[in-house]
Amino acid sequence: MQREGSLNEGPLHGWINCWKPAGVTSHHVVYQVRKLLTVNGKRPKVGHAGTLDPFAEGILPLAIGEATKTVSYQMDASKEYEFLLRWGESRDSGDCEGVVIATSSVRPDKETVAKALQTFMGGYKQTPPMYSAIKINGKRACDRVRAGESVDIAGRNRFVRIDDLCFVNWENKEGQSFQVLLRVSCGKGTYVRALGADIAEAVGALGYVESLTRTRVGRFAKKNAISLGKLEEVRHNVVHTSAWVSVRESLDDIPALCLTPTDAEHLRCGIRVKILDLPVTQTFLGIDTDGAPVGILEKCDGGVRPKRMFNKHAE
């Protein structure tokens, strides 16, 4: 799989740790990167590991070329966010872009909020926001709401994992808290907008997420992220920046399995191969004698079979 070189030497295959600015959609960022990485009129495949709302900013990992076959593995990665929870109002979308639906004069103290945060640790059953991408009978909930349809979003609640939830900054104005900056580490499918409203409810107040920043997605961290402006400057040599992650590196939490040239070819053709004394794990990253990834493999009786294979010409 290509790692070294530049855009001028051919199509790229890997991940770009991109920083999405507030005010644009994730789709817009994908579109812009496809244009930037176009070679001889051919635009590469580009996918992302988890949508960010337009008002939010932060890490938007972008899969390029053959790396798009590994998006699901990054989607499952843990995520970290910082969000500003403002007290006093409830909004239909749970964020700053929504319509105010209720107000309250309750301003909780720091000790009360700290105790409430502990009740979310480990996880809880969360009801997604009305304005969310949850599909109801094949159509997104947000689209149904905007079309004036009645939506039973409560029937779509699900358990979400919360690994850590803590203060970043507690702000006071004239002796009263009017907002608090929080950090959460969580699992796949957690809606931070809903979490903000749930925290407010837990302390007997109202609140909404004023701002939201995603600071980490799995191995992709803020310190190595690259903006669209900077990517435009270095696009011909993006693989030499700290924002670039090869396909193999992006899958380094999957045990590697060295393959002979014959076994690698058989697997590419969809043929399972016999391999003795396999580890207990069920999934492997098959690599060839040069260390290049061949594909994602799964254990079967007496060996492995192909699950997701990479294009040989991309190596």
Side-chain angles (χ1 to χ4, degrees), residues 25-26 48-56 58 71-104 106 108 112-166 180 182-214 216-218:
T25 65
S26 299
H48 62 73
T51 302
L52 273 175
D53 291 323
F55 85 99
V71 165
S72 62
Y73 294 91
Q74 299 303 325
M75 290 278 285
D76 291 338
S78 63
K79 299 173 178 63
E80 182 181 88
Y81 299 86
E82 288 188 0
F83 62 103
L84 189 65
L85 179 56
R86 182 175 288 274
W87 310 113
E89 293 180 352
S90 177
R91 301 199 176 193
D92 58 359
S93 63
D95 60 49
C96 60
E97 297 184 326
V99 175
V100 177
I101 55 178
T103 61
S104 170
V106 175
T112 300
V113 176
K115 289 180 179 178
L117 296 184
Q118 290 303 308
T119 67
F120 290 91
M121 291 296 294
Y124 75 108
K125 185 169 282 190
Q126 183 184 78
T127 300
M130 296 288 287
Y131 288 88
S132 66
I134 294 290
K135 287 192 175 182
I136 299 177
N137 296 327
K139 187 176 179 180
R140 295 188 304 175
C142 57
D143 293 334
R144 290 187 178 278
V145 173
R146 292 188 181 103
E149 300 178 30
S150 177
V151 175
D152 179 19
I153 200 69
R156 301 288 169 162
N157 56 5
R158 65 245 182 120
F159 182 84
V160 295
R161 193 184 82 242
I162 306 296
D163 299 321
D164 191 29
L165 181 58
C166 61
V180 57
L182 299 169
R183 179 184 298 116
V184 61
S185 296
C186 55
K188 177 183 177 182
T190 303
Y191 281 94
V192 179
R193 288 176 290 142
L195 175 61
D198 292 338
I199 292 171
E201 181 180 6
V203 297
L206 294 179
Y208 67 93
V209 174
E210 174 73 19
S211 63
L212 176 64
T213 302
R214 187 157 66 191
R216 182 179 59 80
V217 176

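Keep in mind it's a predicted model, so treat the numbers as computed, not measured.
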Please tabulate, one pair per line, all N/O donor-acceptor pairs under 3.5 Å involving side-chain atoms of residues 182-189, not counting sequence neighbours.
residue: Arg183; atom: NE; partner: Glu82; partner atom: OE2; Å: 3.4
residue: Arg183; atom: NH2; partner: Glu82; partner atom: OE2; Å: 3.0
residue: Lys188; atom: NZ; partner: Asp76; partner atom: OD1; Å: 3.1

ask   = Does Glu97 CD have over 12 foreign heavy atoms under 6.0 Å away?
value = yes
Any donor-acceptor pair under 3.5 Å linking the side chain of [X] with the backbone of [Y]?
{"X": "Asp92", "Y": "Gly98", "answer": "no"}
{"X": "Arg193", "Y": "Ser93", "answer": "yes"}
{"X": "Ser90", "Y": "Ile101", "answer": "no"}

Nearest heavy-atom pair of [X] and [Y]: which atoms, and what distance?
{"X": "Thr51", "Y": "Arg214", "answer": "O-NH1, 3.9 Å"}
{"X": "Val106", "Y": "Ala205", "answer": "CG1-CB, 3.8 Å"}
{"X": "Val71", "Y": "Ala49", "answer": "CG1-CA, 4.5 Å"}
{"X": "Leu85", "Y": "Val209", "answer": "CD1-N, 4.5 Å"}
{"X": "Lys79", "Y": "Gln74", "answer": "NZ-O, 4.3 Å"}

ask   = Could you give the distance from OG1 (Thr25) to CZ (Phe55), rounded to the nearest 0.5 Å?
value = 14.0 Å
Spatial distance of atom CG (Asp95) from atom CG (Asp53) [nearest 0.5 Å] = 6.5 Å
All N/O donor-acceptor pairs, side-chain side in residues 113-124, below 3.5 Å, sequence neighbours left out:
residue: Thr119; atom: OG1; partner: Ala116; partner atom: O; Å: 2.5
residue: Tyr124; atom: OH; partner: Gln126; partner atom: NE2; Å: 2.8
residue: Tyr124; atom: OH; partner: Asp198; partner atom: OD2; Å: 2.7

request  = List in chain and number order the residues that pass salt bridge (Lys or Arg N to Asp or Glu O under 4.0 Å) with Glu210, two or more places apart in sequence or in another chain; answer none if no residue qualifies.
outcome  = Arg86
task = Please examine the side chains of Val203 and Trp87, heavy atoms only from C-beta on, and report whether any two atoms are closer than 4.5 Å.
result = yes
ask   = So do the side chains of Leu195 and Phe83 get within less than 4.5 Å of each other, counting heavy atoms only?
value = yes
